[in-house]
Amino acid sequence: MGLSVPPPPPPPDSTGESRLEFSDNRLLIDLCGEFDRNLAQIEHALGLQMLRRGNVIELVGDAIARAQATGVLEALYARAEQGRALEPGDIDAALRLAGGGPVPSQQLEMFQSGRMEIRTRKKTVEPRTAAQRAYVEALFAHEMAFGIGPAGTGKTYIAVAAGVAMFSEGLVDKIVLSRPAVEAGERLGFLPGDMKEKVDPYMQPLYDALGDFLPGKMLAKLMEERRIEIAPLAFMRGRTLSRAFVVLDEAQNATAMQMKMFLTRLGEGSRMVITGDRSQVDLPRGVPSGLAEAERIIAGIKGVSFSYFTAQDVVRHPLVARIIEAYERDDSTR
(Lines give C-alpha, C1' and ligand atoms only; values in the text may rest on other atoms or scores of the structure.)
Protein backbone atom coordinates (compact mmCIF):
# COMPACT_ATOMS: atom_id res chain seq x y z
CA MET A 1 0.00 0.00 0.00
CA GLY A 2 1.62 3.26 -1.16
CA LEU A 3 1.89 6.42 0.87
CA SER A 4 -0.70 9.05 0.04
CA VAL A 5 0.79 12.48 -0.54
CA PRO A 6 -1.47 15.30 0.60
CA PRO A 7 -2.25 17.89 -2.06
CA PRO A 8 -0.28 21.12 -1.83
CA PRO A 9 -2.02 23.89 0.11
CA PRO A 10 -3.79 26.48 -2.02
CA PRO A 11 -1.84 29.68 -2.62
CA PRO A 12 -2.57 32.30 0.00
CA ASP A 13 -5.18 34.83 -0.93
CA SER A 14 -3.42 38.17 -1.26
CA THR A 15 -6.71 40.04 -0.87
CA GLY A 16 -7.06 41.74 2.46
CA GLU A 17 -8.92 44.55 4.16
CA SER A 18 -7.90 47.75 5.89
CA ARG A 19 -9.80 50.69 7.34
CA LEU A 20 -9.31 54.44 7.26
CA GLU A 21 -11.19 56.64 9.70
CA PHE A 22 -11.69 60.38 9.08
CA SER A 23 -12.70 62.77 11.83
CA ASP A 24 -14.58 65.40 9.80
CA ASN A 25 -17.65 64.08 7.99
CA ARG A 26 -18.00 67.31 5.98
CA LEU A 27 -14.49 66.95 4.58
CA LEU A 28 -15.10 63.25 3.98
CA ILE A 29 -18.03 64.18 1.74
CA ASP A 30 -15.69 66.40 -0.29
CA LEU A 31 -13.12 63.62 -0.39
CA CYS A 32 -15.60 61.07 -1.71
CA GLY A 33 -17.15 63.45 -4.24
CA GLU A 34 -20.68 63.59 -5.58
CA PHE A 35 -22.16 60.08 -5.63
CA ASP A 36 -18.71 58.85 -4.44
CA ARG A 37 -17.27 59.56 -7.89
CA ASN A 38 -13.80 60.25 -6.47
CA LEU A 39 -13.75 56.87 -4.76
CA ALA A 40 -14.90 55.23 -7.99
CA GLN A 41 -12.05 56.92 -9.87
CA ILE A 42 -9.51 55.60 -7.36
CA GLU A 43 -11.07 52.12 -7.36
CA HIS A 44 -10.88 51.90 -11.14
CA ALA A 45 -7.28 53.12 -11.28
CA LEU A 46 -5.89 50.88 -8.51
CA GLY A 47 -8.07 47.80 -8.95
CA LEU A 48 -9.53 47.53 -5.47
CA GLN A 49 -12.86 48.04 -3.75
CA MET A 50 -13.73 50.81 -1.31
CA LEU A 51 -16.75 50.77 0.97
CA ARG A 52 -17.84 53.90 2.80
CA ARG A 53 -19.52 53.36 6.16
CA GLY A 54 -20.13 56.57 8.10
CA ASN A 55 -16.77 58.23 8.63
CA VAL A 56 -14.85 55.04 7.78
CA ILE A 57 -13.65 53.88 4.37
CA GLU A 58 -12.90 50.18 4.09
CA LEU A 59 -10.33 49.11 1.48
CA VAL A 60 -10.54 45.63 -0.01
CA GLY A 61 -7.75 44.43 -2.29
CA ASP A 62 -4.13 43.37 -2.37
CA ALA A 63 -1.64 44.96 0.00
CA ILE A 64 0.08 47.15 -2.61
CA ALA A 65 -3.18 48.59 -3.93
CA ARG A 66 -4.39 49.28 -0.39
CA ALA A 67 -1.14 51.05 0.48
CA GLN A 68 -1.41 53.18 -2.66
CA ALA A 69 -5.07 54.00 -1.98
CA THR A 70 -4.25 54.92 1.62
CA GLY A 71 -1.59 57.38 0.48
CA VAL A 72 -3.93 58.90 -2.11
CA LEU A 73 -6.87 59.27 0.30
CA GLU A 74 -4.72 60.78 3.06
CA ALA A 75 -3.13 63.25 0.65
CA LEU A 76 -6.49 64.33 -0.75
CA TYR A 77 -8.04 64.62 2.72
CA ALA A 78 -5.13 66.88 3.77
CA ARG A 79 -5.82 68.98 0.69
CA ALA A 80 -9.50 69.25 1.65
CA GLU A 81 -8.48 70.31 5.19
CA GLN A 82 -6.71 73.29 3.63
CA GLY A 83 -10.00 74.35 2.02
CA ARG A 84 -8.83 73.41 -1.47
CA ALA A 85 -11.23 71.96 -4.02
CA LEU A 86 -10.89 68.36 -5.18
CA GLU A 87 -11.34 68.20 -8.94
CA PRO A 88 -10.98 65.09 -11.15
CA GLY A 89 -7.56 66.40 -12.21
CA ASP A 90 -6.44 66.47 -8.56
CA ILE A 91 -7.51 62.87 -8.09
CA ASP A 92 -5.63 61.95 -11.26
CA ALA A 93 -2.52 63.76 -10.01
CA ALA A 94 -2.54 61.87 -6.71
CA LEU A 95 -3.04 58.58 -8.55
CA ARG A 96 -0.14 59.27 -10.91
CA LEU A 97 2.15 59.83 -7.96
CA ALA A 98 0.89 56.58 -6.44
CA GLY A 99 1.66 54.52 -9.55
CA GLY A 100 4.02 51.60 -9.04
CA GLY A 101 4.04 51.61 -5.23
CA PRO A 102 3.14 53.54 -2.12
CA VAL A 103 3.16 57.30 -2.56
CA PRO A 104 6.58 58.70 -1.52
CA SER A 105 6.25 61.25 1.27
CA GLN A 106 8.25 63.89 -0.61
CA GLN A 107 5.79 63.73 -3.50
CA LEU A 108 2.81 64.10 -1.18
CA GLU A 109 4.18 67.50 -0.11
CA MET A 110 2.61 69.12 -3.15
CA PHE A 111 -0.83 68.29 -1.69
CA GLN A 112 0.07 69.19 1.87
CA SER A 113 1.61 72.22 3.58
CA GLY A 114 4.74 72.12 1.43
CA ARG A 115 2.83 71.88 -1.84
CA MET A 116 4.30 73.35 -4.99
CA GLU A 117 2.12 75.69 -7.01
CA ILE A 118 2.30 78.55 -9.50
CA ARG A 119 -0.14 81.34 -8.68
CA THR A 120 -1.44 83.65 -11.41
CA ARG A 121 -4.20 86.26 -11.48
CA LYS A 122 -6.85 83.82 -12.69
CA LYS A 123 -5.82 80.37 -11.50
CA THR A 124 -3.29 78.33 -9.58
CA VAL A 125 -1.31 75.66 -11.42
CA GLU A 126 0.03 72.61 -9.58
CA PRO A 127 2.27 69.88 -11.00
CA ARG A 128 0.40 66.63 -11.49
CA THR A 129 3.33 64.27 -12.04
CA ALA A 130 6.81 63.88 -10.61
CA ALA A 131 8.27 65.03 -13.96
CA GLN A 132 6.14 68.17 -13.90
CA ARG A 133 7.26 68.88 -10.34
CA ALA A 134 10.94 68.60 -11.34
CA TYR A 135 10.21 70.85 -14.33
CA VAL A 136 8.64 73.55 -12.14
CA GLU A 137 11.65 73.43 -9.83
CA ALA A 138 13.96 73.81 -12.84
CA LEU A 139 12.03 76.80 -14.18
CA PHE A 140 12.59 78.75 -10.98
CA ALA A 141 16.13 77.50 -10.31
CA HIS A 142 17.79 77.91 -13.74
CA GLU A 143 18.20 80.80 -16.15
CA MET A 144 17.65 78.47 -19.11
CA ALA A 145 15.37 75.43 -18.97
CA PHE A 146 14.45 72.87 -21.63
CA GLY A 147 11.23 70.86 -21.47
CA ILE A 148 11.27 67.94 -23.91
CA GLY A 149 8.55 65.35 -24.40
CA PRO A 150 5.26 64.48 -26.11
CA ALA A 151 2.22 66.69 -26.53
CA GLY A 152 -0.13 67.06 -23.60
CA THR A 153 2.49 66.91 -20.84
CA GLY A 154 2.08 70.58 -19.86
CA LYS A 155 5.50 71.78 -21.02
CA THR A 156 4.34 75.07 -22.54
CA TYR A 157 1.36 75.61 -20.24
CA ILE A 158 3.49 75.38 -17.10
CA ALA A 159 6.20 77.56 -18.65
CA VAL A 160 3.69 80.32 -19.49
CA ALA A 161 2.21 80.06 -15.97
CA ALA A 162 5.69 80.46 -14.49
CA GLY A 163 6.31 83.49 -16.71
CA VAL A 164 3.06 85.15 -15.66
CA ALA A 165 3.83 84.46 -11.98
CA MET A 166 7.33 85.96 -12.24
CA PHE A 167 5.96 88.96 -14.14
CA SER A 168 3.25 89.53 -11.50
CA GLU A 169 5.87 89.40 -8.74
CA GLY A 170 8.08 91.93 -10.51
CA LEU A 171 10.92 89.46 -11.10
CA VAL A 172 10.82 90.24 -14.84
CA ASP A 173 9.59 93.28 -16.76
CA LYS A 174 8.08 91.52 -19.75
CA ILE A 175 7.04 88.18 -21.21
CA VAL A 176 8.06 87.15 -24.72
CA LEU A 177 6.49 84.04 -26.25
CA SER A 178 7.71 82.71 -29.57
CA ARG A 179 7.19 79.84 -32.01
CA PRO A 180 8.64 78.91 -35.39
CA ALA A 181 5.99 79.72 -38.01
CA VAL A 182 6.28 76.31 -39.68
CA GLU A 183 3.36 74.64 -41.44
CA ALA A 184 2.67 71.13 -40.18
CA GLY A 185 2.35 69.72 -43.69
CA GLU A 186 -0.90 71.47 -44.57
CA ARG A 187 0.51 73.89 -47.20
CA LEU A 188 -1.74 76.73 -46.14
CA GLY A 189 -0.60 79.04 -48.92
CA PHE A 190 -0.78 82.83 -48.66
CA LEU A 191 -2.90 83.93 -45.73
CA PRO A 192 -4.86 87.20 -46.03
CA GLY A 193 -4.38 90.24 -43.79
CA ASP A 194 -1.50 92.17 -42.28
CA MET A 195 1.55 90.54 -40.69
CA LYS A 196 -0.15 90.02 -37.32
CA GLU A 197 -3.16 88.37 -38.94
CA LYS A 198 -0.88 86.11 -40.97
CA VAL A 199 1.13 84.79 -38.01
CA ASP A 200 -1.59 84.73 -35.33
CA PRO A 201 -2.88 81.26 -36.36
CA TYR A 202 0.55 79.82 -35.58
CA MET A 203 0.65 81.58 -32.21
CA GLN A 204 -2.91 80.74 -31.06
CA PRO A 205 -1.88 78.10 -28.46
CA LEU A 206 0.22 80.77 -26.72
CA TYR A 207 -2.72 83.21 -26.69
CA ASP A 208 -4.88 80.43 -25.21
CA ALA A 209 -2.40 79.76 -22.39
CA LEU A 210 -2.11 83.45 -21.51
CA GLY A 211 -5.89 83.76 -21.48
CA ASP A 212 -6.03 81.09 -18.77
CA PHE A 213 -3.78 83.09 -16.45
CA LEU A 214 -4.66 86.76 -17.02
CA PRO A 215 -7.99 88.61 -17.26
CA GLY A 216 -8.85 89.57 -20.83
CA LYS A 217 -8.67 93.36 -20.36
CA MET A 218 -5.37 93.16 -18.51
CA LEU A 219 -3.89 90.88 -21.18
CA ALA A 220 -4.99 93.24 -23.96
CA LYS A 221 -3.49 96.24 -22.13
CA LEU A 222 -0.19 94.48 -21.48
CA MET A 223 0.06 93.40 -25.10
CA GLU A 224 -0.74 96.92 -26.28
CA GLU A 225 2.07 98.21 -24.04
CA ARG A 226 4.33 95.43 -25.42
CA ARG A 227 5.01 94.14 -21.93
CA ILE A 228 3.72 90.84 -23.27
CA GLU A 229 4.80 89.92 -26.79
CA ILE A 230 3.93 86.97 -28.98
CA ALA A 231 6.15 86.78 -32.04
CA PRO A 232 7.39 84.28 -34.62
CA LEU A 233 10.93 83.03 -34.05
CA ALA A 234 12.20 84.80 -37.17
CA PHE A 235 11.34 88.16 -35.53
CA MET A 236 13.75 87.54 -32.64
CA ARG A 237 16.90 88.13 -34.67
CA GLY A 238 18.99 91.11 -33.55
CA ARG A 239 17.23 91.53 -30.19
CA THR A 240 18.71 91.33 -26.70
CA LEU A 241 16.06 90.50 -24.13
CA SER A 242 16.84 91.86 -20.66
CA ARG A 243 14.67 91.26 -17.57
CA ALA A 244 12.32 89.17 -19.68
CA PHE A 245 10.75 85.73 -19.35
CA VAL A 246 11.18 84.20 -22.82
CA VAL A 247 9.54 80.99 -24.06
CA LEU A 248 10.28 79.22 -27.34
CA ASP A 249 7.52 76.72 -28.03
CA GLU A 250 7.60 73.94 -30.68
CA ALA A 251 11.40 74.24 -30.64
CA GLN A 252 11.80 71.02 -32.61
CA ASN A 253 10.79 73.09 -35.67
CA ALA A 254 13.63 75.58 -35.22
CA THR A 255 16.62 75.06 -37.48
CA ALA A 256 20.09 74.78 -35.95
CA MET A 257 20.86 78.37 -36.98
CA GLN A 258 17.58 79.68 -35.58
CA MET A 259 18.14 77.87 -32.29
CA LYS A 260 21.61 79.33 -31.84
CA MET A 261 20.23 82.78 -32.67
CA PHE A 262 17.42 82.38 -30.10
CA LEU A 263 19.61 81.05 -27.28
CA THR A 264 21.98 83.99 -27.65
CA ARG A 265 19.13 86.53 -27.15
CA LEU A 266 19.31 85.93 -23.39
CA GLY A 267 19.99 89.22 -21.60
CA GLU A 268 20.66 90.39 -18.07
CA GLY A 269 18.03 89.31 -15.54
CA SER A 270 16.16 87.14 -18.06
CA ARG A 271 14.84 83.58 -17.96
CA MET A 272 14.50 81.41 -21.05
CA VAL A 273 12.43 78.25 -21.54
CA ILE A 274 12.62 76.02 -24.62
CA THR A 275 9.92 73.38 -25.13
CA GLY A 276 9.56 70.80 -27.86
CA ASP A 277 8.61 67.31 -28.95
CA ARG A 278 11.31 65.43 -30.86
CA SER A 279 8.70 63.15 -32.46
CA GLN A 280 6.84 66.00 -34.23
CA VAL A 281 9.44 67.70 -36.41
CA ASP A 282 7.81 69.55 -39.34
CA LEU A 283 11.00 70.84 -40.94
CA PRO A 284 11.71 69.92 -44.57
CA ARG A 285 13.33 66.54 -45.07
CA GLY A 286 17.07 66.73 -44.52
CA VAL A 287 16.96 69.86 -42.34
CA PRO A 288 18.18 68.94 -38.83
CA SER A 289 16.21 70.08 -35.79
CA GLY A 290 17.86 72.80 -33.75
CA LEU A 291 16.37 71.30 -30.59
CA ALA A 292 18.26 68.04 -31.02
CA GLU A 293 21.48 69.91 -31.77
CA ALA A 294 21.12 72.21 -28.76
CA GLU A 295 20.43 69.21 -26.54
CA ARG A 296 23.67 67.62 -27.73
CA ILE A 297 25.86 70.72 -27.57
CA ILE A 298 24.87 72.55 -24.40
CA ALA A 299 23.88 69.68 -22.09
CA GLY A 300 25.93 69.99 -18.93
CA ILE A 301 26.48 73.75 -19.12
CA LYS A 302 26.02 75.40 -15.73
CA GLY A 303 22.74 77.30 -15.49
CA VAL A 304 20.96 75.10 -18.08
CA SER A 305 18.50 72.34 -17.13
CA PHE A 306 16.83 69.61 -19.18
CA SER A 307 13.49 68.15 -18.09
CA TYR A 308 12.11 65.12 -19.91
CA PHE A 309 8.54 63.88 -20.15
CA THR A 310 7.02 60.61 -21.35
CA ALA A 311 3.53 59.42 -22.25
CA GLN A 312 3.03 58.72 -18.53
CA ASP A 313 3.09 62.48 -17.93
CA VAL A 314 0.27 63.30 -20.37
CA VAL A 315 -2.40 65.21 -18.46
CA ARG A 316 -5.00 65.43 -21.20
CA HIS A 317 -7.55 62.65 -21.78
CA PRO A 318 -6.08 59.25 -20.75
CA LEU A 319 -6.62 58.06 -24.32
CA VAL A 320 -4.00 60.58 -25.50
CA ALA A 321 -1.32 58.81 -23.46
CA ARG A 322 -2.30 55.44 -24.94
CA ILE A 323 -2.19 56.87 -28.47
CA ILE A 324 1.30 58.29 -27.88
CA GLU A 325 2.50 54.96 -26.48
CA ALA A 326 1.08 53.13 -29.52
CA TYR A 327 2.97 55.43 -31.91
CA GLU A 328 6.17 54.98 -29.87
CA ARG A 329 5.83 51.19 -30.07
CA ASP A 330 5.29 51.42 -33.82
CA ASP A 331 8.36 53.60 -34.27
CA SER A 332 10.51 51.21 -32.24
CA THR A 333 9.58 48.25 -34.50
CA ARG A 334 10.59 50.00 -37.73
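Below, each value reflects all heavy atoms present in this structure, side chains not excepted, and no hydrogens, waters or symmetry copies. Each residue takes its place number in the sequence, starting with 1.
- The two residues Asp277 and Pro150 make their nearest non-hydrogen contact at OD2-CA, 3.5 Å.
- In this model, a donor atom of one side chain and an acceptor atom of the other lie less than 3.5 Å apart for Glu295 and Tyr308.
- Taking the side chain to side chain contact (heavy atoms under 4.5 Å, CB included) definition, one finds that Gln41 meets it with Pro88, Ile91, Asp92, Leu95, sequence neighbours left out.
- Under the 4.5 Å side-chain heavy-atom criterion for ILVMFWY residues, a single connected hydrophobic cluster contains both Leu139 and Ile228.
- One hydrophobic cluster, built from ILVMFWY side chains closer than 4.5 Å, holds both Ile274 and Val246.
- Across all non-hydrogen atoms, the minimal contact from Ala151 to Gln280 is CB-NE2, 4.2 Å.
- The stretch residues 203-215 participates, sequence neighbours left out, in no salt bridge (charged side-chain N to carboxylate O under 4.0 Å, His left out) pair at all.
- A salt bridge (charged side-chain N to carboxylate O under 4.0 Å, His left out) check over residues 135-164, counting only residues at least two apart or in different chains, returns the pairs Arg133-Glu137.
- Interatomic distance, CZ of Arg52 versus CG of Leu20, reported as 13.5 Å (0.5 Å rounding).
- Interatomic distance, CZ of Phe22 versus CG of Leu27, reported as 10.5 Å (0.5 Å rounding).
- Ile298 pairs by the side chain to side chain contact (heavy atoms under 4.5 Å, CB included) definition with Met144, Phe146, Leu263, Ile301, Val304, Phe306, not counting sequence neighbours.
- Considering OG1 of Thr255 and CG of Leu291, their distance stands at 12.0 Å, rounded to 0.5 Å.
- Under the rule for a side chain to side chain contact (heavy atoms under 4.5 Å, CB included), the partners of Ser18 that lie at least two apart in sequence or sit in another chain are Leu59, Arg66.
- Of the possible polar contacts, none joining the Asn55 side chain to the Glu21 backbone as a donor-acceptor pair under 3.5 Å is found.
- The structure places CE of Met259 at 9.0 Å from CD of Glu293, a figure rounded to the nearest 0.5 Å.
- Heavy atoms only, all atoms of each residue included: Leu233 and Ala254 are closest at CD2-CB, 3.6 Å.
- Each of His44, Met50, Gln49 was scored for a side-chain contact (heavy atoms from CB on, under 4.5 Å) with Leu39, with one residue passing: Met50.
- Criterion: ILVMFWY side-chain heavy atoms under 4.5 Å apart, direct or through other members. Under it, Met236 and Leu283 are not part of a common hydrophobic cluster.
- Using a 4.5 Å cut-off on side-chain heavy atoms (C-beta onward), Pro180 and Phe262 make no contact.
- Residues Leu171 and Leu241 do not share a hydrophobic cluster, clusters being chains of Ile/Leu/Val/Met/Phe/Trp/Tyr side chains in contact below 4.5 Å.
- The same ILVMFWY cluster, assembled from side-chain heavy atoms under 4.5 Å apart, contains both Leu177 and Phe245.
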Steps toward side-chain contact (heavy atoms from CB on, under 4.5 Å) verdict (Val164, Leu210): CA-CA 8 Å; Val164 171; Leu210 282 171; 4.0 Å; yes

Report the C-alpha separation of Leu31 and Asn38 in whole Å, then their side-chain angles, then the decisive distance to 0.1 Å, and conclude whether the side-chain contact (heavy atoms from CB on, under 4.5 Å) test is met. CA-CA 7 Å; Leu31 173 64; Asn38 294 346; 5.9 Å; no

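- Annotation: the span from Ile57 atom CD1 to Leu73 atom CG amounts to 5.0 Å, rounded to 0.5 Å.
- Partners of Asp173 according to the side chain to side chain donor-acceptor pair (under 3.5 Å) rule, which considers only residues two or more places apart in sequence or in another chain, are Arg243.
- For residues 244-266, the set of pairs meeting the salt bridge (charged side-chain N to carboxylate O under 4.0 Å, His left out) definition, not counting sequence neighbours, comprises Arg179-Asp249, Arg179-Glu250.
- The distance from the OG1 atom of Thr156 to the CG atom of Leu248 is 9.0 Å, given to the nearest 0.5 Å.
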Go through it in stages, so that I can follow the logic: the residues are Asp24 and Glu81, the test is side-chain contact (heavy atoms from CB on, under 4.5 Å), and I'd like the CA-CA distance, side-chain angles, deciding distance and then a yes or no. CA-CA 9 Å; Asp24 191 323; Glu81 284 183 316; over 6 Å; no

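- Annotation: side-chain hydrogen bond (donor to acceptor under 3.5 Å, both in side chains) contacts involving residues 221-232, sequence neighbours excluded, comprise Lys174-Glu229, Lys221-Glu225, Arg226-Glu229, Glu229-Arg239.
- Looking at every heavy atom in both residues, Leu46 comes nearest to Gln68 through CD2-OE1, 3.3 Å.
- No donor-acceptor pair closer than 3.5 Å links the side chain of Asp313 to the backbone N or O of Thr153.
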Taking it one step at a time, do Phe140 and Val136 satisfy side-chain contact (heavy atoms from CB on, under 4.5 Å)? CA-CA 7 Å; Phe140 287 92; Val136 171; 4.0 Å; yes

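- Taking Ile, Leu, Val, Met, Phe, Trp and Tyr as hydrophobic and joining them when side-chain heavy atoms fall under 4.5 Å apart, one finds Val56 isolated, its cluster having no other members.
- Between Arg119 and Glu117, at least one side-chain N (NZ, or NE/NH1/NH2) sits under 4.0 Å from a carboxylate O, which counts as a salt bridge.
- Residues passing the ring-ring contact (aromatic ring centres under 6.0 Å, His included) test with Phe309 are Tyr135, sequence neighbours excluded.
- Taking all atoms of both residues into account, the shortest heavy-atom contact from Asn253 to Asp282 is OD1-N, 2.5 Å.
- Contacts of Phe167 classified as ring-ring contact (aromatic ring centres under 6.0 Å, His included), with partners at least two apart in sequence or in another chain: none.
- Counting only distance, with no hydrogens or angles, the side chain of Ser289 and the backbone of Gln252 share a donor-acceptor pair below 3.5 Å.
- For Arg53, the side chain to side chain contact (heavy atoms under 4.5 Å, CB included) partners two or more places apart in sequence, or in a different chain, are Leu51, Glu58.
- Shown here for Ser168 and Arg121, the closest heavy-atom pair between the two residues is OG-CG, 4.5 Å.
- Judged purely by atom type and a 3.5 angstrom limit, Ser178 uses its side chain to pair as donor or acceptor with the backbone of Ala231.
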